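The next block holds one structure in the form of structure tokens; read it before the comments.
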Amino acid sequence: MKKIEAIIKPFKLDDVKDALHEIGLQGITVIEAKGFGRQKGHTELYRGAEYVVDFLPKVKLEVVLDDALVERAVEAIQQAAHTGRIGDGKIFITNVEEAIRVRTGERGPEAV
């Protein structure tokens, strides 16, 4: 099993969710986050004063899935989250040793 963590722009969340649903994924975890990468935030003007916005709003998605679905899920996220502008996001893939469903005690891929 693998865990995919994707950090994307908030307005792309529905597109990514729909793309993952189309390939058969049933559950995702969504976390509202703030951060910056290479763009290092931006400056804004408010009531005549200029200030720096260091942390930009982002959304972090987490999905645990079977190894066989990883490439399809990554491709779906990339296509749905892509705008072509700086700050489109990142995707991280890590190994998951075990998953346990609390309600039933199921383990492994059955628990996901």
Side-chain angles (χ1 to χ4, degrees):
M1 290 179 296
K2 302 280 190 220
K3 178 180 181 181
I4 297 176
E5 295 177 71
I7 300 165
I8 62 170
K9 293 182 175 184
F11 69 90
K12 285 297 199 170
L13 177 59
D14 286 335
D15 295 340
V16 172
K17 181 187 71 146
D18 292 343
L20 290 173
H21 185 69
E22 283 181 26
I23 66 166
L25 291 179
Q26 296 179 351
I28 63 172
T29 301
V30 178
I31 302 162
E32 289 184 22
K34 291 185 179 215
F36 66 88
R38 289 185 181 160
Q39 81 268 29
K40 305 228 182 354
H42 62 276
T43 58
E44 288 190 6
L45 198 60
Y46 179 72
R47 293 189 178 182
E50 193 173 280
Y51 65 99
V52 177
V53 178
D54 288 336
F55 295 101
L56 302 172
K58 301 288 181 182
V59 172
K60 180 179 179 184
L61 303 172
E62 295 183 353
V63 181
V64 176
L65 64 166
D66 192 62
D67 290 349
L69 288 174
V70 171
E71 282 306 313
R72 288 177 55 206
V74 167
E75 189 175 305
I77 294 168
Q78 278 183 298
Q79 289 178 357
H82 179 78
T83 66
R85 294 191 180 147
I86 194 165
D88 270 357
K90 296 273 193 295
I91 300 172
F92 304 100
I93 303 169
T94 56
N95 290 317
V96 174
E97 291 185 29
E98 185 68 271
I100 303 165
R101 186 184 308 266
V102 174
R103 180 176 54 86
T104 63
E106 291 173 292
R107 291 179 169 262
E110 295 80 33
V112 178

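Just so it is clear, the model here is predicted, and its values are computed rather than measured.
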Path from Ile93 to Val16 over hydrophobic side-chain contacts below 4.5 Å
yes
Got Val63 and Lys3 here, is their nearest side-chain heavy-atom distance under 4.5 Å?
no
Would you say the side chain of Val30 lies within less than 4.5 Å of the side chain of Val59, judging by non-hydrogen atoms?
yes
Determine, using the 4.5 Å side-chain heavy-atom cutoff (strictly less than), whether Ile23 and Val70 are members of one ILVMFWY cluster.
yes
Approximate separation, where rounding is to 0.5 Å, of Leu61 CG and Leu13 CG:
6.0 Å
What one should report as the nearest heavy-atom pair of Ala19 and Ala80 is CB-CB, 3.9 Å
Kindly compute the distance separating CD1 (Ile100) from CZ (Arg107), expressed to the nearest 0.5 Å.
3.5 Å
Nearest-0.5 Å distance, NZ of residue Lys2 to CG of residue Leu69
13.0 Å
In the structure I gave you, are the side-chain heavy atoms of Leu65 and Val96 within less than 4.5 Å of one another anywhere?
no
Nearest heavy-atom neighbours spanning Ala111 and Ala99
CB-O, 3.6 Å
Return the NZ to OG1 distance between Lys12 and Thr83, rounded to the nearest 0.5 Å.
6.5 Å
Closest non-hydrogen atom pair between Ile4 and Ala73, with its separation:
CD1-CB, 3.8 Å
Quick one: does Asp67's side chain have a donor or acceptor within less than 3.5 Å of a partner on Met1's backbone?
yes
So CD1 of Ile8 and NZ of Lys58: to nearest 0.5 Å the spacing works out to 9.5 Å
Is there a path of hydrophobic side-chain contacts, each under 4.5 Å between heavy atoms of I, L, V, M, F, W or Y residues, that connects Ile91 with Leu25?
yes
What heavy-atom pair brings Ile77 and Ala6 nearest, and what distance separates the two atoms?
CG2-CB, 4.0 Å
Around atom CD of Glu98, are there more than 12 heavy atoms of other residues, nucleotides or ligands at under 6.0 Å?
yes
Interatomic distance, CD@Glu5 vs NZ@Lys90, rounded to 0.5 Å, equals 14.0 Å
